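First the proteins, then the strands, lettered A, B, ... as listed; each starts at 1. Because the structure is a prediction, the values reported are computed rather than measured.
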Amino acid sequence: MSHPAPEAPAAESLDFIREIAQEDLRSGKHPVIVTRFPPEPNGYLHIGHAKSICLNFGLAQEHPGSRCHLRFDDTNPAKEDIEYVESIQEDVHWLGFDWGTHLFHASDYFDQIHDFALELIAKGLSYVCDLPVEEVRATRGTLTEPGTNSPYRTRTPEENLDLFARMRAGEFPDGSRTLRAKIDMASPNMNLRDPVIYRIKKVPHDRTGDKWCIYPTYDMAHGYSDALEGITHSICTLEFEAHRPLYDWLIDHVSAPCHPRQIEFSRLNLTYTVMSKRKLLELVEKGLVDGWDDPRMPTISGLRRRGYTPSGIRSFCHHIGVTKYNSITDMGLLEAAVREDLNKTAPRFLGVLRPLKFTITNWPAGQIEPLEAAINPADPESGTRQIPFTGELLIEQDDFMEEPTPGYFRLAPGRTARLRHGYNVTCEDVIKDDTGRVIELRGPYDPESRHSKPKKGTAVIHWLSAAHAVPAEVRLYDRLLTVPDPNDIPDGTDWTSTLNPESLDILGQAHVEPAALTSPGTFQFERLGYFCQDSKHSQPGKPVLNRTVTLKDTWAKAQAKV
RNA sequence: UGCCCCGUGGUGUAACGGUAGCACAGGAGAUUUUGAUUCUCCUUGACAAGGUUCAAAUCCUUGCGGGGCAUCCA
């Protein structure tokens with residue numbers, strides 16, 4: 001036995017699910033942990049799924065010999081589509097997880113689930129019910145009143161076996177009969193009031209073709225799939241809590257190879273966005289966004305296109321923890337996690353979103369001076385790059401104010417600023433067009449200032465050599481919604497009315513350092529934020545850049561308060 | 001008007017009957033050729049009332065608040 005050193009630093013605390021898993025390992029209940037991520041292929045994965053993926057795959061990674069299965073919960077061919085199967089696999093892999101050879105489908109088990117159904121029937125625990133949908137609903141009772149028994153509840157096992165076989169043979173039309181578990185029509189738990197476990201659906205299945213015209217319901221398929229795969233911990237979200245007694249009942253009453261433990265945790269909610277598949281689908285179908293992977297979407301593919309990193313998302317999932325408390329997490333937490341990750345890894349470039357011309361009056365005509373600049377000051381290993389300095393520059397419109405407000409220390413008439421990686425320049429002349437708009441700044445540079453220490457209170461601004469800069473379209477994104485919680489709006493209000501009309505701002509005049517366009521992944525435009533090329537719309541010679549997230553900006557924040 | 005689950009700073013979470021801590025957000029300062037980063041320091045908290053105990057965020061009771069459950073959805 002090892003003796004824990006009392007002076008050892010406290011181990012990082014485990015969430016309640018990891019604690020259960022660890023205890024089951026310690027007690028010898030299980031030699032390894034087997035979890036599963038069981039998406040239904042009827043939509044794209046979102047950040048809420050990422051939480052579940054990090055939990056299930058993470059748990060397996062943390063214990064040698066343990067594993068996590070990827071299982072498609074494809075029990076309803078009427079709603080599912082293989083289009084989603086591919087995206088789901090891509091997203092899980094992109095997040096950095098691997099199921100190895102453990103890729104399964106609930107439909108792989110249709111034969112065995114059917115056998116379990118036969119077993120339940122033979123034991124008198126299941127019956128074929130001829131009641132139509134409305135009748136089933138009417139006799140189920142209400143939340144406060146018990147239901148009433150189906151008149152078909154007393155059929156003999158022989159009769160049920162025969163009828164079930166004929167259901168399977170396609171003798172009856174959709175909806176005409178169901179197989180029900182015989183439990184308790186008076187149970188306070190509605191899920192136990194003789195739930196339907198098989199229904200007739202004469203719909204071909206993506207994987208089993210037309211082999212079946214009856215399909216198991218979620219409750220029937222899920223637990224048995226878990227048991228068949230030897231899952232030790234079946235982790236799901238809170239809304240399945242009331243299903244757990246049924247999960248247990250179904251497994252207990254057949255010769256299942258094992259009995260996994262279902263554990264529920266609360267799903268992720270984020271402020272200023274939506275997480276339900278229904279609403280996400282609505283945005284896509286109504287054309288309110290540019291597809292499932294619109295960079296404003298909380299989908300994994302949207303976050304990827306936006307420039308979020310897998311490690312940033314994983315870090316976020318780690319930070320939010322796992323509990324049963326119904327919470328809404330501040331979107332700022334996700335942004336902070338991705339900023340932290342990107343700050344360490346993203347190469348830096350210069351880009352100008354809204355250009356303003358600056359002409360250096362004392363720069364030798366035609367001279368080009370290559371300046372050396374760190375690729376990432378936060379990473380000494382990253383090396384340097386060269387950027388050309390000339391007398392014709394582009395600076396950011398925001399970095400000049402004709403009548404500077406107190407506290408503003410960028411350029412203004414007569415003021416000096418430091419050009420990032422370069423020289424000090426002074427604004428001597430302000431050129432305007434007929435409408436009074438500032439179109440150009442002119443002034444000298446200080447040749448001695450290249451390596452001089454900048455004076456306190458002198459701003460450092462970004463710039464580009466006009467002749468070397470490459471035009472690019474830049475898309476700035478803001479929160480999808482104008483309200484933190486779209487569920488918390490007045491009755492009768494359409495949630496789509498809370499969509500933020502300013503969630504996308506397209507800038508057509510931006511210019512960027514050419515090297516930015518050949519940099520893979522997400523990079524930083526110094527002082528502006530993190531950006532990446534839009535995988536959908538960027539083309540050679542016509543780059544489109546997405547802003548992933550801004551840098552923290554205490555100046556802008558202070559201004560916003562005024 | 002049934003059953004189940006959940007209530008810790010603004011937000012997300014720790015503690016496993018013994019000093020309420022962390023992250024984000026917020027504030028003050030230092031450093032800085034990114035108003036970034038980094039580094040200091042600071043503000044803010046137990047749903048309520050009873051009970052058990054030397055001692056309660058933790059255990060019990062009740063109330064209050066939030067969420068879930070009546071698809072042949074998952």
Side-chain angles (χ1 to χ4, degrees), chain A residues 10 12-13 15 19 38-40 42 73 75-76 78-80 129 131-133 136-137 140-147 174-180 187-191 193 195-201 214-215 217-219 221-222 236-245 264 266 268 271 277 316 318-337 339-340 343-344 348 350 373-374 377-378 407-410 418-424 449-454 458-462 484 524-529 550-558:
Chain A
E12 194 173 359
S13 67
D15 59 68
E19 218 160 79
E40 183 190 12
N42 70 343
D73 223 336
T75 59
N76 189 351
K79 293 194 172 181
E80 294 146 8
C129 180
L131 255 25
V133 213
V136 171
R137 189 174 310 141
R140 188 155 29 221
T142 68
L143 291 176
T144 54
E145 298 159 317
D174 283 16
S176 61
R177 273 173 233 254
T178 56
L179 184 69
R180 295 227 253 165
S187 172
N189 183 340
M190 302 287 293
N191 296 119
R193 317 241 267 227
V196 170
I197 53 178
Y198 258 95
R199 71 288 215 196
I200 303 171
K201 264 184 204 291
I214 54 171
Y215 293 95
T217 57
Y218 165 80
D219 291 297
H222 198 86
C236 60
T237 45
L238 251 25
E239 67 270 27
F240 293 103
E241 206 158 22
H243 290 246
R244 178 152 34 95
E264 311 85 17
S266 63
L268 173 67
T271 54
K277 277 187 191 173
F316 166 73
H318 176 76
H319 281 296
I320 57 174
V322 179
T323 67
K324 299 186 74 158
Y325 179 67
N326 212 301
S327 59
I328 303 183
T329 298
D330 191 334
M331 181 66 97
L333 232 48
L334 212 207
E335 295 179 343
R339 272 195 198 101
E340 182 187 39
N343 176 54
K344 285 181 291 200
R348 268 102 240 235
L350 297 180
Y408 186 85
F409 56 82
R410 274 109 96 153
R418 159 82 14 95
L419 295 174
R420 177 71 170 155
H421 305 301
Y423 299 92
N424 284 358
S449 62
R450 175 66 186 99
H451 294 292
S452 71
K453 232 176 146 44
T458 301
V460 176
I461 65 174
H462 55 275
Q524 184 192 106
F525 277 141
E526 296 199 67
R527 301 212 309 137
L528 295 175
T550 60
L551 251 29
K552 274 214 281 191
D553 189 344
T554 53
W555 167 247
K557 196 164 60 189

Enquirer: Indicate, with a heavy-atom threshold strictly under 4.0 Å, whether A:Thr323 touches base, sugar-phosphate, or nothing.
Expert: sugar-phosphate
Enquirer: Sticking with atom P, work out how far B:G35 lies from B:U40, rounded to a whole angstrom.
Expert: 22 Å
Enquirer: Return the minimal non-hydrogen interatomic distance between A:Arg348 and A:Pro377, and the atom names on each side.
Expert: CD-CD, 3.5 Å
Enquirer: Could you check which of B:A36, B:U37, B:A74 has an atom nearest any side-chain atom of A:Asn343?
Expert: B:U37
Enquirer: So does A:Thr75 get a side-chain nitrogen or oxygen closer than 4.0 Å to the phosphate oxygens (OP1/OP2) of B:A74?
Expert: yes
Enquirer: Base, sugar-phosphate alone, or nothing: which one does A:Lys453 contact when heavy atoms must sit under 4.0 Å apart?
Expert: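 It contacts sugar-phosphate atoms only.
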Enquirer: Which part of the nucleic acid does A:Ile320 contact within heavy-atom distance under 4.0 Å: base, sugar-phosphate only, or nothing?
Expert: sugar-phosphate
Enquirer: Could you tell me how far B:A25 sits from B:G12 if I compare only their C1' atoms? Round to whole Å.
Expert: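 Those two atoms are separated by 11 Å.
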Enquirer: Using whole Å, report how far NZ of A:Lys324 lies from P of B:A14.
Expert: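 Rounded to whole Å, this separation is 14 Å.
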Enquirer: Quick one: does any side-chain atom of A:Thr237 pair with a main-chain N or O of A:Glu239 as donor and acceptor, under 3.5 Å?
Expert: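 No.
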Enquirer: Which one, B:U13, B:G2, B:G35, comes nearest to the side chain of A:Asp553?
Expert: B:G35
Enquirer: Expressed as a whole number of Å, how far does the P atom of B:G21 sit from that of B:C60?
Expert: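 Per the computed distance, 25 Å lies between those P atoms.
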Enquirer: I want to verify a distance call: between B:G2, B:A74, B:G35, whose nearest atom is closest to the A:Val460 side chain?
Expert: B:G35
Enquirer: Would you say a side-chain N or O of A:Arg199 is under 4.0 Å from OP1 or OP2 of B:A74?
Expert: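 The answer is yes; a side-chain N or O of A:Arg199 sits under 4.0 Å from OP1 or OP2.
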Enquirer: Just the rounded figure in Å: distance from P of B:C73 to OH of A:Tyr215.
Expert: 13 Å
Enquirer: Rounded to the nearest angstrom, tell me the gap between atom CZ in A:Phe525 and atom P in B:U34.
Expert: 18 Å
Enquirer: Rounded to the nearest Å, what distance is computed from the CD atom of residue A:Glu239 to the P atom of nucleotide B:A74?
Expert: 13 Å
Enquirer: Could you give the distance separating B:A57 and B:U1 at their C1' atoms, to the nearest angstrom?
Expert: 32 Å
Enquirer: Can you find a donor-acceptor pair, distance only, under 3.5 Å between A:Arg348 side chain and B:U34 base?
Expert: yes
Enquirer: So what does A:Tyr198 hit on the nucleic acid, given a heavy-atom distance under 4.0 Å: a base, only sugar-phosphate, or nothing?
Expert: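 The answer is nothing, as A:Tyr198 stays clear of every strand by at least 4.0 Å.
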Enquirer: If you round to the nearest 0.5 Å, how far is CG of A:Asp219 from CZ of A:Arg244?
Expert: 13.0 Å
Enquirer: Distance check needed: B:A36 P versus A:Arg339 CZ, whole Å only.
Expert: 12 Å
Enquirer: By the 4.0 Å heavy-atom rule, please label A:Tyr408 as base, sugar-phosphate, or nothing.
Expert: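 If one applies the 4.0 Å heavy-atom cut-off, A:Tyr408 turns out to touch a base.
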Enquirer: Which listed nucleotide (B:A70, B:U11, B:C73) is nearest to the side chain of A:Thr142?
Expert: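 Side chain of A:Thr142 sits closest to B:A70.
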Enquirer: With heavy atoms under 4.0 Å as the rule, sort A:Gly529 into base, sugar-phosphate or nothing.
Expert: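 It contacts nothing in the nucleic acid.
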Enquirer: Does some side-chain heavy atom of A:His243 sit less than 4.5 Å from a side-chain heavy atom of A:Pro195?
Expert: no
Enquirer: Quick check: do A:Leu333 and A:Phe316 have side-chain heavy atoms less than 4.5 Å from each other?
Expert: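 The answer is yes; the side chains approach within 4.5 Å.
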Enquirer: Given B:A14, B:U71, B:A36, which nucleotide is nearest the side-chain atoms of A:Thr554?
Expert: B:A36
Enquirer: Could you tell me whether the phosphate oxygens of B:G35, OP1 or OP2, come under 4.0 Å of any side-chain nitrogen or oxygen in A:Lys552?
Expert: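 So the side chain of A:Lys552 is outside the cut-off, no N or O lying under 4.0 Å from OP1 or OP2 of B:G35.
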Enquirer: Whole Å only: how far is the CG atom of A:Leu268 from the C1' atom of B:G67?
Expert: 16 Å
Enquirer: Go ahead and write out RNA chain B as dot-bracket, 5' to 3': ( ) for pairs within the strand, [ ] for ones crossing earlier pairs, | when the partner sits on another strand, dots for unpaired; Watson-Crick or G-U wobble, both distances under 3.5 Å.
Expert: .((((((..((((....[..)))).(((((.......)))))....(((((..]....))))))))))).....
Enquirer: For residues A:Glu526 and A:Val460, determine if any side-chain heavy atom of one lies less than 4.5 Å from a side-chain heavy atom of the other.
Expert: no
Enquirer: Does A:Tyr218 stack onto the base of B:A74, taking stacking as ring centres under 5.5 Å apart and planes under 30° apart?
Expert: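 Per 5.5 Å and 30° rule: no stacking.
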Enquirer: Using a heavy-atom cut-off of under 4.0 Å over every strand shown, decide if A:Gly147 touches base, sugar-phosphate, or nothing.
Expert: nothing
Enquirer: Looking at the side chain of A:Lys79, which of B:U34, B:C73, B:G2 is the nearest nucleotide?
Expert: B:C73
Enquirer: Sticking with atom P, work out how far B:G51 lies from B:A55, rounded to a whole angstrom.
Expert: 12 Å
Enquirer: Base, sugar-phosphate alone, or nothing: which one does A:Asn189 contact when heavy atoms must sit under 4.0 Å apart?
Expert: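 Nothing: the residue A:Asn189, judged by heavy atoms under 4.0 Å, touches no strand.
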Enquirer: Checking contacts here: which listed nucleotide (B:A14, B:C6, B:U34) is nearest the side-chain heavy atoms of A:Ser13?
Expert: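 Of the options given, the side chain of A:Ser13 lies nearest B:A14.
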Enquirer: Starting at CD1 of A:Ile197, measure out to CG of A:Leu179 and round the result to the nearest 0.5 Å.
Expert: 4.0 Å
Enquirer: Could you tell me if the side chain of A:Leu419 sits less than 4.5 Å from the side chain of A:Ile461, heavy atoms only?
Expert: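 Touching, per the 4.5 Å side-chain cut-off.
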Enquirer: Just compare B:U11, B:C73, B:G2 and give me whichever is closest to any side-chain atom of A:Leu143.
Expert: B:G2
Enquirer: Specify the residue among A:Ala378 and A:Val133 whose closest nucleotide of RNA chain B lies further upstream toward the 5′ end.
Expert: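 Going by which nucleotide is closer to the 5' end, it is A:Ala378.
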Enquirer: How about A:Pro245 and A:Asn191: do any of their side-chain heavy atoms sit closer than 4.5 Å?
Expert: no
Enquirer: For B:C6, does OP1 or OP2 lie under 4.0 Å from any side-chain N or O of A:Ser266?
Expert: no
Enquirer: Could you work out which one of B:A23, B:U34, B:C69 sits closest to the side chain of A:Asn191?
Expert: B:C69
Enquirer: How is A:Lys557 classified with respect to the nucleic acid when contacts are heavy atoms under 4.0 Å: base, sugar-phosphate, or nothing?
Expert: sugar-phosphate
Enquirer: Got a donor-acceptor pair under 3.5 Å from the side chain of A:His318 to the base of B:A23?
Expert: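 Donor-acceptor pair under 3.5 Å: no.
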Enquirer: Less than 4.5 Å apart, any side-chain heavy atom of A:Asn76 and any of A:Arg199?
Expert: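 Yes - at least one pair of side-chain heavy atoms lies under 4.5 Å apart.
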Enquirer: For the side chain of A:Val196, counting heavy atoms from C-beta on, which of B:G35, B:C72, B:C3 is nearest?
Expert: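 Between B:G35, B:C72, B:C3, the one nearest the side chain of A:Val196 would be B:C72.
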Enquirer: Just to be sure I understand the rule, does A:Leu131 reach a base, reach only the sugar-phosphate, or reach nothing, if contact means heavy atoms closer than 4.0 Å?
Expert: base
Enquirer: How is A:Arg410 classified with respect to the nucleic acid when contacts are heavy atoms under 4.0 Å: base, sugar-phosphate, or nothing?
Expert: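 Contact class for A:Arg410: base.
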Enquirer: Which part of the nucleic acid, if any, lies within contact of A:Ile197, taking any heavy atom under 4.0 Å across all strands shown: a base, the sugar-phosphate backbone alone, or nothing?
Expert: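 Since no nucleic acid heavy atom lies under 4.0 Å of A:Ile197, the category is nothing.
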Enquirer: Does A:Pro146 reach a base, just sugar-phosphate, or nothing at all? Heavy atoms under 4.0 Å.
Expert: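 Contact class for A:Pro146: none.
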Enquirer: Quick one: closest heavy-atom pair of A:Leu350 and A:His462, and the distance?
Expert: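 Scanning both residues, the minimum pair turns out to be CD2-CB, 3.9 Å.
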Enquirer: What is the distance from NZ of A:Lys344 to P of B:A36, rounded to the nearest Å?
Expert: 19 Å
Enquirer: Rounding to a whole Å, what distance do you find between A:Leu333:CG and B:A25:P?
Expert: 8 Å
Enquirer: Between A:Arg527 and A:Pro132, who's closer to the 5' end of RNA chain B by nearest nucleotide?
Expert: A:Arg527
Enquirer: Within the 4.0 Å heavy-atom criterion, would you say A:Glu19 contacts the bases, only the backbone, or no part of the nucleic acid?
Expert: base
Enquirer: Indicate whether OP1 or OP2 belonging to B:C73 is found under 4.0 Å from a side-chain N or O atom of A:Thr217.
Expert: no
Enquirer: With rounding to the closest Å, how many angstrom separate the C1' atoms on B:C39 and B:U44?
Expert: 23 Å
Enquirer: Using a strict cut-off of less than 4.0 Å between a Lys/Arg side-chain nitrogen and an Asp/Glu carboxylate oxygen, indicate whether A:Lys324 and A:Glu241 qualify as a salt bridge.
Expert: yes
